Amino acid sequence: MAYNLLKGKKGIIFGALDEKSIAWKTALRCVEEGAQIVLTNAPIALRMGEINKLAEACDAPVIPADVTVTADIENLFEGTKEHFGGGVDFILHSIGMSLNVRKNIPYTNSNYDFMHKTLDISAMSLHRILQVAMKQDMINEWGSVVALTYIAAQRIFPGYDEMADTKAMLESIARNFGYQYGVKKHVRINTISQSPTRTTAGGGIKGFNGFIDFAEKMSPLGNADADQCANYTVTLFSDLTKMVTMQNLFHDGGFSNVGVTQPVIDQMEKQ
Ligand code: NAI
């Protein structure tokens, strides 16, 4: 059901790779709620061609940008300004990639070139996007920026490894830039800490099926799925949440506040 929560708003969605992507679902929901959007992803991801389906469904242009390249972000924002005839009201950062995890390198043996790249793609990119946005005055007054994160930033989940450190940095950038952009232009910046979700990035984590099943059992409401994450993000882009900023918001069916649940106790007692 649509509520017109984003009527008249314009935004940029980073990170829609395929139909499973959280960004894909969010793009569709934003348009359903009345927004106009620009889609972007790394040139290599665009070559897979899937995003054109989404672009058609959303009536949105696609502008390539590798988030590790400042000139790409500048070009993306210039193209977006041209398309909309002005700035945007919201930005979704739904970007993640860990080279050490993908290459199955144990955390204690991390390759630092890979770690640099991981930090650059998955955390510093938020800083880079916001810095270029501020310089180009890309985000309108009372705009909203959301980045996606995971609870491994606060607690240990073996296998999530360097991505945990990366998410801690991402959340910190959201707070720091949230302060600066709030003071300067009432722009709010938050992270959503999402339940484990079956997507390309999620599936890259070793033992991911175990993560999902465990989280499901440990969450009174069960795991939040990608569609529900898209709904939550829409509320953060809407005018209903204007005073929420610099927060890490758990969207996880209650997982983050649970010590143990009865189903987990039962399972342990069976063994
Ligand atoms: P996904 O694989 O569909 O999305 C990741 C996106 O990052 C892809 O579209 C990819 O092309 C993009 N990307 C990678 N390198 C890039 C670069 N250099 N420049 C521009 N874009 C680049 O997976 P998913 O799960 O939708 O991930 C979205 C966000 O949600 C990520 O930040 C992820 O860490 C986060 N998240 C995912 C969870 C999960 O279990 N799937 C749980 C909690 C958070």
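Each ligand, and each atom within it, is numbered from 1 in the order the structure gives. Small disclaimer: the values here were computed from a predicted structure and weren't measured.
- Transitive grouping of hydrophobic side chains (ILVMFWY, heavy atoms separated by less than 4.5 Å) brings I189 and F14 into a common cluster.
- Using a 4.0 angstrom heavy-atom cutoff, K167 counts as in contact with ligand 1.
- Remark: D239 engages K9 in a salt bridge, criterion side-chain N to carboxylate O under 4.0 Å.
- Of the listed options D252, T149, L17, T149 places a heavy atom closest to atom 43 (C) of ligand 1.
- If you look at A147 next to ligand 1, there are no close heavy atoms at all, none under 4.0 Å.
- Under the rule for a salt bridge (charged side-chain N to carboxylate O under 4.0 Å, His left out), the partners of D18 that lie at least two apart in sequence or sit in another chain are K20.
- Under a hydrophobic-cluster definition in which Ile, Leu, Val, Met, Phe, Trp and Tyr are linked whenever side-chain heavy atoms come within less than 4.5 Å, directly or via other members, I22 and I37 are assigned to the same cluster.
- One hydrophobic cluster, built from ILVMFWY side chains closer than 4.5 Å, holds both L126 and V187.
- Salt bridge present: K185 and D137 bring a charged side-chain N and a carboxylate O closer than 4.0 Å.
- Residue-to-ligand polar distances place I22 within reach of ligand 1: an N/O pair is separated by less than 3.5 Å.
- In D18, neither the side chain nor the backbone holds a heavy atom less than 4.0 Å from any atom of ligand 1.
- Across the listed options I73, I121, T118, I121 owns the non-hydrogen atom lying nearest to atom 16 (C) of ligand 1.
- At a 4.0 Å heavy-atom cut-off, ligand 1 does not touch S193 at all.
- Residue Y150 has at least one heavy-atom neighbour below 4.0 Å for each of these atoms of ligand 1: 43 (C).
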When you look at E216 and S219, which way does the side chain to side chain donor-acceptor pair (under 3.5 Å) test go after all the steps? CA-CA 5 Å; E216 177 76 24; S219 310; over 6 Å; no
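- When heavy-atom distances to ligand 1 are checked against a 4.0 Å cut-off, L148 comes that close through both its backbone and its side chain.
- Regarding atom 18 (N) of ligand 1, its nearest protein heavy-atom neighbour is D66 OD1, 3.0 Å.
- Connection of F114 to V67 is established within a shared hydrophobic cluster, with ILVMFWY side chains joined at heavy-atom distances below 4.5 Å, either directly or through further cluster members.
- Shown in contact with G15 at under 4.0 Å from a heavy atom are these atoms of ligand 1, numbered in order with element: 4 (O), 6 (C), 8 (C), 9 (O).
- Annotation for ligand 1: atoms under 4.0 Å from non-hydrogen atoms of Q194 are 42 (C), 43 (C).
- Using a 4.0 angstrom heavy-atom cutoff, W24 does not count as in contact with ligand 1.
- A donor and an acceptor atom, one from each side chain of E162 and N100, are located under 3.5 Å apart.
- A donor-acceptor pair is defined here as one N or O able to donate and one able to accept, closer than 3.5 Å; such a pair exists between the side chain of S195 and the backbone of A224.
- Ring geometry, Y150 versus F157: the interplanar angle falls from 30° to 60°, so the pair is classed tilted.
- Of the protein's non-hydrogen atoms, N41 OD1, 3.6 Å is the one closest to atom 10 (C) of ligand 1.
- Taken together through direct or relayed side-chain contacts under 4.5 Å among Ile, Leu, Val, Met, Phe, Trp and Tyr, I63 and F90 form parts of separate hydrophobic clusters.
- Contacts between F14 and ligand 1 below 4.0 angstrom, taking non-hydrogen atoms only, are absent altogether.
- Here the side chains of V244 and L249 are in contact, with some heavy-atom distance below 4.5 Å.
- Proximity of A45 to ligand 1, defined as any heavy-atom pair under 4.0 Å, is confined to the side chain (atoms from C-beta onward).
- Defined by atom type and a distance below 3.5 Å, a donor-acceptor pair is missing between the side-chain atoms of T233 and R29.
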Which donor-acceptor pairs under 3.5 Å do the side chains of residues 48-56 make with protein atoms, sequence neighbours left out?
residue : atom : partner : partner atom : Å
K53     : NZ   : E19     : OE2          : 3.4

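- Residue-level proximity to ligand 1 for K20 is absent, since no heavy atom of it falls below 4.0 angstrom.
- Within ligand 1, counting atoms from 1 as listed, the ones closer than 4.0 Å to a heavy atom of P196 are 40 (O).
- At the top of the distance list for atom 40 (O) of ligand 1, counting protein heavy atoms only, stands T197 N, 2.7 Å.
- Of the candidates C229, S195, S21, G203, the one placing a heavy atom closest to atom 38 (C) of ligand 1 is S195.
- Summary of contacts: the protein heavy atom closest to atom 19 (N) of ligand 1 is V67 N, 3.0 Å.
- A side-chain N or O of K135 and one of Q131 form a donor-acceptor pair less than 3.5 Å apart.
- Backbone and side-chain nitrogen or oxygen atoms of F208 are examined, and none is located within less than 3.5 angstrom of a nitrogen or oxygen of ligand 1.
- With hydrogens left out, the protein atom closest to atom 25 (O) of ligand 1 is T199 OG1, 2.4 Å, a heavy atom.
- Scanning the protein heavy atoms around atom 5 (C) of ligand 1, the nearest turns out to be S94 O, 3.8 Å.
- Applying the 4.0 Å criterion to heavy atoms of G202 picks out, from ligand 1, the atoms 41 (N).
- Closest protein heavy atom to atom 2 (O) of ligand 1: A201 N, 3.0 Å.
- With hydrogens left out, the protein atom closest to atom 13 (N) of ligand 1 is I95 CG2, 3.7 Å, a heavy atom.
- Using a 4.0 Å heavy-atom cutoff, A65 is listed among the residues neighbouring ligand 1.
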